[in-house]
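As a basis for the values below, the full set of heavy atoms in this structure was taken, side chains included, without hydrogen atoms, waters or symmetry mates. Because the structure is predicted, anything quoted here is derived from the model rather than measured.
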Amino acid sequence: MSDQHVTARRPIPDSERIGRRRELRRYIAGFALSLLLTLPAFSLAAAGVLPPAQTRLAVAGLALLQIVVHFRFFLHIDLQKSHRDDLMLILFTGLIIGLMVLGTLWILFDLEGRMLSP
Amino acid sequence: MSDHASAMADREHRHPGLNLDHTDPEGHASAEPVIFGFWIFLMSDLIVFALLFATYAAMSTQGTGDGPAPAQLFDLRIPLLETLVLLTSSFTLGFVSLANKYEGHPRQAIGWLVVTLVLGAGFLALEYHDFSTLIHEKHAGPQVSGFLSSYFLLTGTHFVHVAAGIAWGMVLIVQQAVLGPTLPVKLRVMRLALFWHMLDIVWIGIFTFVYLSGVLA
Amino acid sequence: MSPGAVDPLTGLMNWRALVFVTRGDPLSVNHLVADGAAGLMLVGGAIAAGLMTVKGWWRPLWRDWLTSLDHKRIGVMYVALALVMMARAIAEAVVMRTQQAAAVGSPGFLDAHHFGELFSTHGTIMIFFVAMPFLTGLMNFVMPLQIGARDVSFPLLNAISLALTAAGAALVMVSLVYGGFSTGGWTGYPPFTGIRYSPGTGVDTWIWSVSLSSIGSTLTGLNFAVTLYKNRAPGMTFFRMPLFSWVTLCVSILMIFAMAPLTVATVMLALDRYAGFHFFTADAGGNMMNYANLFWLFGHPEVYILILPAFGVWSEVISTFSAKQLYGYHSLVAATMVISVLSFTVWLHHFFTMGQSANVNAIFGIATMLIGIPTGVKIYDWLLTMVRGRIRLTVPMLFAIVFMITFLIGGLTGVILANPTIDFVFHNSLFLVAHFHNMLIPGFLFAMIAAVQFWFPKVFGFRLDERLGRISFWLWAVGFYLAFMPLYVLGLMGAMRRTMEWQRPEYLPWLAIALVGALCLLAAFMTFVAQIAVSVRRRDALAVPGGDPWDGLSLEWSLPAPVPEYNFAVLPRVGARDPFMAMKREGRAHLRPEAYEDIRLPKNSPAAPIILAATFLTGFALTWHIWWLAIAGLVACWIPITLRSFREDHERVIPASEVRRQHEAWLDRVAALPAIRREDETGPRNRGRASSQFAGGQP
């Protein structure tokens, strides 16, 4: 255990300080952006300026954007080649989720329309 | 390994979350399978949430039975508060990740982790209050209708995940204090960060599709 | 069972749940069958325990097996679990067939509840506790060897996956003696399985056993996928992996994504039953059709989780025993991937008749038929692999040939059922039962038995007896046709599945043939077990220390048999597909490595057996509403994991000198073995060193 103990209080080299500042900025940007997307979504729904259908679409769009922001700024997933495996996995998961969720909704709403309505 | 070669290696092998890369190249190498495995677990977990969402989407319109509809139950004040608390906790967790990566001493990481977990606990308290109001004051418990069953299971599953994250975080605080920032501990902190950020993404879905869409009649 | 009867200490447990307590009913054959089965299990368990004690095997069992994190031993334990469970499930099938043959125009000898339990346990066990552990065990053993790895990426997680599966199996086994099982079939459709119509604890046993197995499989998928992505030997690119490793990758991905819907469905059903939720109830806005939807979101990819490993096995078997590299390697890989993705798009064909509109049915019907295309590609590739090969009709190869013919028939009836309009006629008939047994027995079971014949020498160091293997093969093949072809006819005549009593005398001859077939299959299983037992006795005569009894192509055949715990003395550098074949062709097989390194292996851990006990108790406690025990069990699961995370000495080192000593002793031994030609392959001269067909020149 002791050999793995990183020596305490080692001097931080300049390159790391720059890297650290860049990564800190990333978290701050992510936080700011997600607030910028959350608050309008809540106000749209609360104010009811748009008709419900359009509000739903708008908040769903904002949610999608915010999800992208979280992936980009908090989970550090981007389009660079180094992240290809993880991005592929997310896209494949997205495909499976799409199949499962859209399929489920299609089936259940179709059944609802045919069987449960009077 | 020359600087150039190591920079190449860094660019080729990066994983989700904050990478240890040049501050701990050895640790970065062993992080790869561990983080990838955890990432796969998160994807599987996302499928669970996706199906809970799909079920909720169907049942909140088809399954209200004789009970209340979403628009009669939800208001946006507490969800907004919950959202802000959870978002802030994700932000403070960023400081944990940075300390985990750059500091040789666990003090900062522990401090920020405590802040994050307190915010997480605050979120749980708000949600518990929300559940209890629904059940006791509005008489809209999960046994009332299919819609409420699916509401409680969706938000409840998220609740349980956050609670598990807090328990995990507390173990990691002890480990950082007892073991120090060893590689296994660092890797665990990195995985907790992924878990927490992913729960935040699920919460985006919940506040959008449950609360925001729910209040629209 | 009134809700007030829950005792805080023992929950709903009571003496009358014990199967031997017959509640004052008159003695009947029905009770004899139930008591006999329970008694058989208890006596069998007692004999096994006694034998263990007499032989002093408890300590080795704990030290070498239960606490071991070696992927090979975990694989063997998975297969052993599968075989034990298979014995029960086949016996149940014979009892059901006997009841059906005896119940034409008469009630037969079983009561309806017992019959319902039988078809429910048969299906549940065959899918979750035979098929899943069998294929997981096989992949566990073979895949790391094929890609040149020392172990899977997460050895402890591997052991925990086994523990979860075993805990689920234990719940099912205990229900044979205490409490009974669900009567809702392996699919457990509500509202029948809801609390109102199934008030006992049987459905709860089903829920928790299946959930445990499902979580175990998810973790297995995760573990294998990471292993395949991050743990391949240098030079082992994806497109140099043997096909079995490719199917393992696809199966792992299916496990990661497809087990989740099952967990969601069973948890919702549990909430309905335990807490009065309304997911699938008939009132208060519940929607039981969502259960069918969620269940088959899991259930259809599950079909491919079962079938794809078989495709991998056949690819290895056919190319090895045809002495050729696989024909159309890339198309086989592509077909596997296409099947994996398509398997997520067809789940609705399991409930065409639920009432959705024709358009929905049509889309899913077309998607279903599309799967026939990549599957056809595979069959052609295997046939073309055999063309102009030097084919040896060993036991695995015999299975492969019967598989191709039989699977084709099953596939064709599948295309028939994929047409929604026709499915409306056949839905839930014995035609359907015939169809899926026609897919799963050749497509899964035959492959697993062939795989055992093929890789057994690698696992234990000796071949299986060829003569008994052939007898067993014929019994399996003939038994299958006798048992299931009549069901097609019965289905066409209108017989429905899960029926315990018939009114039409013209069914009798077909039911009688099916019973004969079932008995044949039972005999086949017993011969298979006898084959293993006889081979163990003759192990010295059948030993193949050279490790290459079949003139194999992939890396596992380059290793000693049995394989040392560290797998590879020196990690191989792979330069081509079918690397061991390439080594033999270039005369590089069995060369002395220049340098050895220390090898780090995971230490044994008691965590997995503790988790087995804890999750079993949790499942049992939840079934019987013993809340304190359920909580205690859940907490107990996490204790070993948390404690372990505070320690850091999880590895032990095997020094390079020791590796060198063992490996060079083996190399010397190989050099002294006779290099045998393929015509002597099944004879006593085969010591595991091949006079390779691949040596010097084109195969």
Q. Using non-hydrogen atoms only, which part of C:Leu157 is less than 4.5 Å away from chain B: side chain, backbone, both, or neither?
A. neither
(Q) Is C:Leu271 in contact with chain B via its backbone, its side chain, both, or neither, using a 4.5 Å heavy-atom distance? (A) side chain
Q: Identify which part of C:Thr263 has an atom lying under 4.5 Å from any heavy atom of chain B, answering side chain, backbone, both or neither.
A: neither
(Q) Between B:Val144 and chain C, with a heavy-atom cut-off of 4.5 Å, which part of the residue counts as in contact: side chain, backbone, both or neither? (A) backbone
**Q.** C:Thr281 versus chain B, the contacting section by heavy-atom distance below 4.5 Å
**A.** neither
Q: May I have the step-by-step check of side-chain contact (heavy atoms from CB on, under 4.5 Å) for B:Val174 and B:Met170, ending in yes or no?
A: CA-CA 6 Å; B:Val174 177; B:Met170 293 198 301; 5.9 Å; no
Q) Any chance OH of B:Tyr128 has more than 12 other-residue heavy atoms, nucleotides or ligands included, within less than 6.0 Å? A) no
Q) Quick one: of B:Gly63, B:Ala58, B:Gly65, B:Ala50, who has the most non-hydrogen atom pairs under 4.5 Å with chain C? A) B:Gly63
**Q.** chain B contact via C:Ile253 - side chain, backbone, both or neither, heavy atoms under 4.5 Å
**A.** neither
Q) Just checking, C:Arg273 and C:Phe280: is the charged tip under 6.0 Å from the six-membered ring centre and within 45° of the axis? A) no
Q. Any ion pair linking C:Asp649 and C:Arg647 (charged N to carboxylate O, less than 4.0 Å)?
A. yes
Q) Counting heavy-atom pairs under 4.5 Å to chain C, which of B:Leu153, B:Asp66, B:Thr64 comes out on top? A) B:Leu153
Q: Report the relative orientation of the aromatic rings in C:Phe344 and C:Phe257; use parallel for angles under 30°, tilted for 30 to 60°, perpendicular for over 60°.
A: perpendicular
(Q) In the structure I gave you, are the side-chain heavy atoms of B:Ser97 and B:Val189 within less than 4.5 Å of one another anywhere? (A) no
Q | Donor-acceptor pair between C:Thr266 and C:Ser211 side chains, under 3.5 angstrom | A | yes
Q.
For chain B, which candidate among C:His278, C:Met259, C:Met268 shows the most heavy-atom pairs at distances under 4.5 Å?
A. C:His278
